[in-house]
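Presented below is the structure to which this report refers.
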Amino acid sequence: MQHSSQKTLLAALFTLLSTSAMADSFQNRWEDATQPLTVNGNSQFTLEDSGEGFIRIKEKFSNKYLNIETGSLNSSPISTGWFSAQWKLIQTGDGWFRLQNRWKPDQYIHVETGSAKAGSIESGWHSAQWQINK
């Protein structure tokens with residue numbers, strides 16, 4: 001997807017989610033589409049545009065962001081500009097999205113083994129596809 005298309009997709013997604021760019025849940029496509037994205041016991045997040053076609057995923061009621069700064073998926077406070085806390089929304093073509101890390105582009109958020117983690121994925125993995133609901 002070209003950069004201008006990514007910006008258009010992000011703008012449309014944020015418009016759909018609301019003017020505050022708030023997402024109440026990230027639902028996973030793996031086996032049961034009702035499984036939420038849960039990190040550190042929290043399953044409510046907001047989206048923030050971090051610029052250049054990337055987003056940050058923030059815990060709704062804290063100042064913690066999903067990141068892979070220490071190598072694994074974590075939710076913690078971050079420093080400004082951390083690429084490890086920036087994610088690209090990649091549409092799969094059928095209304096689902098992959099969440100790809102900016103710092104390590106081979107890392108995607110998935111739930112292949114049960115709990116959410118970041119790691120490499122295989123093409124077509126439903127465990128790495130998310131629906132973002134308002």
Side-chain angles (χ1 to χ4, degrees):
M1 187 181 300
Q2 296 177 339
H3 186 68
S4 63
S5 296
Q6 290 172 344
K7 288 178 97 173
T8 302
L9 175 63
L10 279 174
L13 181 61
F14 287 141
T15 300
L16 287 173
L17 292 173
S18 82
T19 56
S20 65
M22 191 104 21
D24 288 330
S25 66
F26 289 68
Q27 300 300 117
N28 189 264
R29 188 173 185 172
W30 180 245
E31 292 181 18
D32 180 0
T34 62
Q35 182 175 356
L37 170 62
T38 303
V39 179
N40 292 355
N42 191 347
S43 62
Q44 291 189 321
F45 300 93
T46 61
L47 298 178
E48 294 181 354
D49 185 359
S50 63
E52 302 177 38
F54 294 91
I55 60 164
R56 286 185 296 260
I57 304 170
K58 181 181 181 292
E59 284 189 8
K60 193 171 184 177
F61 301 108
S62 76
N63 197 30
K64 296 179 180 180
Y65 293 82
L66 296 188
N67 68 80
I68 59 170
E69 188 67 23
T70 61
S72 59
L73 185 64
N74 191 25
S75 180
S76 65
I78 61 169
S79 295
T80 303
W82 275 16
F83 282 8
S84 65
Q86 295 180 21
W87 304 89
K88 182 188 294 185
L89 290 170
I90 301 173
Q91 192 166 21
T92 64
D94 55 359
W96 296 85
F97 293 88
R98 289 192 180 112
L99 302 166
Q100 178 188 40
N101 190 262
R102 180 176 187 176
W103 186 38
K104 295 183 178 181
D106 65 331
Q107 302 288 295
Y108 297 81
I109 298 176
H110 67 87
V111 293
E112 184 67 21
T113 58
S115 60
K117 61 182 71 177
S120 299
I121 61 169
E122 294 182 25
S123 178
W125 271 18
H126 283 184
S127 65
Q129 295 180 29
W130 301 90
Q131 187 175 58
I132 303 167
N133 302 309
K134 173 63 185 145

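With contacts defined as side-chain heavy-atom distances shorter than 4.5 Å, the pair Ile57/Val39 does not qualify. When side chains are defined from C-beta on, Gln86 does not count as touching Glu52, because their heavy atoms never get closer than 4.5 Å. Annotation: side chain of Arg98 is in contact with side chain of Gln129 (closest heavy-atom distance under 4.5 Å).
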Discussion item. For Lys64 and Lys58: C-alpha separation, side-chain torsions, deciding distance, then whether side chain to side chain contact (heavy atoms under 4.5 Å, CB included) applies.
Written reply: CA-CA 6 Å; Lys64 296 179 180 180; Lys58 181 181 181 292; over 6 Å; no

Worksheet item: Can Glu69 and Trp103 be said to form a side chain to side chain contact (heavy atoms under 4.5 Å, CB included), step by step?
Response: CA-CA 9 Å; Glu69 188 67 23; Trp103 186 38; 4.3 Å; yes

Item to complete: Tell me, with the steps shown, if Leu99 and Leu66 meet side chain to side chain contact (heavy atoms under 4.5 Å, CB included).
Response: CA-CA 11 Å; Leu99 302 166; Leu66 296 188; over 6 Å; no

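Interatomic distance, His110 NE2 to Glu122 CD, rounded to the nearest 0.5 Å: 10.5 Å. Atom OG1 of residue Thr46 and atom CD of residue Glu59 lie 9.5 Å apart, to the nearest 0.5 angstrom. Between Arg56 atom CZ and Asp49 atom CG the span is 8.0 Å, to the nearest 0.5 Å. We find the CZ-CH2 distance between Arg102 and Trp87 to be 13.0 Å, quoted to the nearest 0.5 Å.
Gln100 meets the side chain to side chain donor-acceptor pair (under 3.5 Å) test with Tyr108; sequence neighbours excluded.
Grouping the Ile, Leu, Val, Met, Phe, Trp and Tyr side chains by contacts below 4.5 angstrom, directly or via other members, places Ile121 with Ile90. Linking Ile, Leu, Val, Met, Phe, Trp and Tyr residues whenever their side-chain heavy atoms come within less than 4.5 Å leaves Ile78 and Phe83 in two separate clusters. Hydrophobic clustering (ILVMFWY, side-chain heavy atoms < 4.5 Å, transitive): Phe54 and Tyr65 are in distinct clusters.
For the pair Trp130 (side chain) and Ile109 (backbone), a donor-acceptor distance under 3.5 Å is present. When atom types are taken as modelled, the side chain of Asn101 and the backbone of Gln107 share no donor-acceptor pair closer than 3.5 angstrom. Checked by atom type and distance alone, the side chain of Asn74 never pairs as donor or acceptor with a backbone atom of Ser76 at under 3.5 Å.
Closest non-hydrogen pair, Ala118 versus Leu73, comes out as N-CB, 3.7 Å. Phe61 approaches Gln44 most closely through the heavy-atom pair CE1-OE1, 3.2 Å.
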